[in-house]
2 protein chains.
Amino acid sequence: MARLAGVSQTTVSLVLGGKADGVAISVETRQKVLGAAERLGYVPDPAASRLAAARNNLLGVFSFTSTFPTDVQHSYYPFLVGVEQEAASQGFDLVLFTGSSTGGARAGAHALNRARLADGCLVLGRHAPTEELRRLVDDGFPVVHLGRRDDPDGLAWVGADYVNAAREVVTNLVALGHREIVLICEDDPVPASTDRERGFHEGLVAAGVPTGPERVHRCADPERDLTPARLREWLASGVTAIVVEETDTSGAWRALNAAVAEAGLDCPRELSLALLGSPPPDDDGPVPTGFDIPRARLGAAAVRALAALVGGGRPDEPLVECAFRPGATVAAPPGGIPAAVLR
Amino acid sequence: MARLAGVSQTTVSLVLGGKADGVAISVETRQKVLGAAERLGYVPDPAASRLAAARNNLLGVFSFTSTFPTDVQHSYYPFLVGVEQEAASQGFDLVLFTGSSTGGARAGAHALNRARLADGCLVLGRHAPTEELRRLVDDGFPVVHLGRRDDPDGLAWVGADYVNAAREVVTNLVALGHREIVLICEDDPVPASTDRERGFHEGLVAAGVPTGPERVHRCADPERDLTPARLREWLASGVTAIVVEETDTSGAWRALNAAVAEAGLDCPRELSLALLGSPPPDDDGPVPTGFDIPRARLGAAAVRALAALVGGGRPDEPLVECAFRPGATVAAPPGGIPAAVLR
DNA sequence: TTGTAGGCGTTATCAG
DNA sequence: CTGATAACGCCTACAA
C-alpha cells in the first residue's frame, strides 16, 4: 500500500487511476502521491484492480483452428492485425484460448466456456459450435463472430460485404461491354459464397442483362471440371468473361488459370477473368481484377463491435466494404463493344 | 458463484482447482460440482484467483513491436506457432498485451505492469525496457525473454545457439577446402550478431585456420559497400567463400547477391556463399547453404522455461540448436582442394 | 469430507 | 477535496 508510504489513502486510487471525474485533486496531494509511488516503486496490482472494477479489459479470441497454424497461409493473421490494433486503441488486451481446436487438454465440448474469463469474445472460423455460442449469448455474454452469419440466432457478427463487392465487379465487366458472363463457384453454400453469387446476379440485373442459374457453374472438383475443352465450349457459346469465387484454397482460380494457359488463350484479350477475392500469395500471374477483402479492417470492426457490446451499447453496421481492385485480367470483350450497347 | 448453484461452496475451489492435495473429495460431490459448473458455464475469475495468491493459467506475451505488424515478414508469427502449441500442451492460455510498442494509450512506463495479471510473461523483441523488466523480476514475477541476453540481470532467456550454428557452417566450408573466408555482418553489436561472429572464428580456429578481425567485414550500408569491385578485390586476394550474417532486412545478403550477379560470377563455382540464417521469403535464388533458426521450437522452449518458472522450478538449457541447411550456394573452391589439405 | 472466516489490493460509495 | 468502509471472487487455513 502506497497509502501507508506517502500520506494519503484512497486518493492514491484517484491520482493513479487518472480519474479526472467529478473530483479535482490538489496539485499538491497529487505530487505527494506520485512522489511516494515513485520512491517506493509502487504499482497498482492489475489483478486487484480488475477484480474490484469487475472488468478485466480482456477480449477473448476463439479460433476454431489453431490460431497460429504452422503455415501462415491458413492463419487468421490478417484479421489479427486489425484486431490487435483496435483492441490496443480501445484499451483491451487479448486472450488467446489455446488448443481451441488442437484437441488440447481442455478442448472439450465446453472449451468455449473459458471465454467467460474475458469481458467478451471474438469468434473466428466457420466451425464454431453454434450450440455453445448460443449459451454464451443467452447468458448475456458479449460475443461477436467474425464472418457473416445466416442463422437468426441473434449472434452479433461482422463481415465483408461480398454482395456489393461482387456486384461492383460485374458492373465493371458489363460497362466494358461484356454480356455473356459465367460465374464459377465451389460447391459450398456458406454465406461467403452465396453472397458473392447474389451480388453477381444483382450486378447483371442492375445492368439490364438477363441472368439465371444457368450462368452459374458450380463445381466440386475444379481441377477436373475446368478443362480447356470446357473453356472453348464457353467461348463458342459467346462467353467473354468468367468470374471466379475465391475460396481458402483458390482451387477454382488456379484450375481456371491452368486451363486458360493450356488452351493457349490470351487472358485479357480473348477472355476476361475476374476473381471475387484476393489471389493466393503464391500467384505469380498478373494482378487479377476483382476485389480485396479488408481483413485487417474486418478485425478492427469486430473488435469495435465487441467493445460496444461490452460497454453495454449496440454494435453498428456489421458490413465492411471490400475495395475494388482494378487488375490486368479484364479488358473489353474481343468483338469490341457490341452494337447493342452502343445504340 | 457456482456454490449457490450446485450444493457445495468452497469445495468448488478444491474441485476446480484440481488440488489432489491432502484432502480427498467424494466422487459424488466432485461430480455435482463439475456438473453444476458445466451447466452454468462457470469459470473462475482469473483476476480474483490470481489476487488470492493463486494462479490463473494465463501466460502473458509482451512484444515490443506490434505482435501482428501489417507485414507478416516482420512478425513474431513463427515463434508464436511454437508458443501457442506448447502453451496449449502445458495447459496455459495466452494473454497478448497489446500496444506494447504502438505507443498506444497505455504505452507508458508501466505498460509492462499489466503482465502481473498473468502467471508469468514472455517478452519478445530487443527493445524491452530493461528497467521495467528488472522490477518485475525483482518482485519474483516469472519472466522469460525470447532471445539471448548479455546483461547479467538475471533475466531468464531462451535463444538460438548461433555460435555453434555458425561454427558448423564454417567447419563445413573448411572441410570442402576453403581457407580464405570472409564474414560480412551488419554493424549492430547485438548478441545475435556477435554470437555468429564468435562461431565464425571458432570454426576457423577449430579447423586450424588462422583468423582475426581482418576477416570480418562490418558494413553499415551493405548496398553501397558490397560492390562488384569489392568482390573482385576479395577474389584476387584469394578469398573463396563469403559468409553472411542474416538480419531482419537481409540487407547484406541481398546486396551481396546483387553484386555477385552484377560481377557475372558463378555462385557456387567461382565463389561460395553461406548465409547464417534463413533467406528472406522473397528470395528466389537457389537455397543458400547455412542454417535455419528453429523459431517455433524457440517459442516452445520459451514457454517451457516460463512454465518451469511459474511452477517454482528452474528452466533448463536456454540454448536451442539451429539446423544446418545444406544448400546450393557452396561448393569446393575453384582451384580444387589445395595441396596443403590433401597431404 | 465439508463448511466458516479472513484476507489479497483495488475501486466505489458515502460521509466528513 | 479526503478519509472510512464495503464489496469484488477466490483461495487457504482451520474448525466442524
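We name chains A, B, ... by the order of the sequence lines, and we start the count at 1 in each one. Predicted, not measured: the structure shown is a model, and the values here were computed from it.
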| field | Spacing between B/Asp45 atom CG and C/dT10 atom C1', to the nearest angstrom | value | 13 Å
| Would one find a side-chain N or O of B/Ser13 under 4.0 angstrom from OP1 or OP2 of D/dC11? | yes
| task | For the pair A/Tyr76 and A/Phe79, name the ring-plane relationship: parallel under 30°, tilted 30 to 60°, perpendicular over 60°. | result | tilted
| request: Could you tell me the separation between the CZ atom of B/Arg114 and the C1' atom of C/dG9, rounded to a whole number of Å? | output: 19 Å
| A/Leu51 CG to D/dA6 P, straight-line distance once rounded to whole Å | 17 Å
| query | Can you name the residues that form a salt bridge (charged side-chain N to carboxylate O under 4.0 Å, His left out) with B/Arg304, not counting sequence neighbours? | reply | B/Glu86
| query | In whole angstroms, how far is the C1' atom of D/dC8 from the CG atom of A/Asp119? | reply | 14 Å
Show me the side-chain donor-acceptor pairs of residues 139-147 of chain A shorter than 3.5 Å, one per line, residues at least two apart or across chains.
unit_1   : atom_1 : unit_2   : atom_2 : d
A/Asp139 : OD2    : A/Arg116 : NH1    : 3.0
A/Asp139 : OD2    : A/Arg116 : NH2    : 3.0
A/His145 : ND1    : A/Gly147 : O      : 2.8
A/His145 : NE2    : A/Gly125 : O      : 3.1

| query | Contact class for B/Ala54 (heavy atom, under 4.0 Å): base, sugar-phosphate, or nothing? | reply | sugar-phosphate
| Length of the line joining B/Asn56:CG and C/dC8:P, which is rounded to integer Å | 19 Å
| Any side-chain N or O of B/Thr11 under 4.0 Å from OP1/OP2 of C/dG3? | yes
| task | State whether the side chain of A/Asp151 and the backbone N or O of A/Asp153 hold a donor-acceptor pair below 3.5 Å, judged by distance alone. | result | no
| request: Rounded off to whole Å, could you give me the CG-to-P distance for the A/Leu14 and D/dG3 pair? | output: 11 Å
| field | Interatomic distance, B/Arg50 CZ vs D/dT12 C1' [rounded to whole Å] | value | 16 Å
| Rounded distance (Å) that lies between atom P of D/dC10 and atom CZ of A/Arg116 | 13 Å
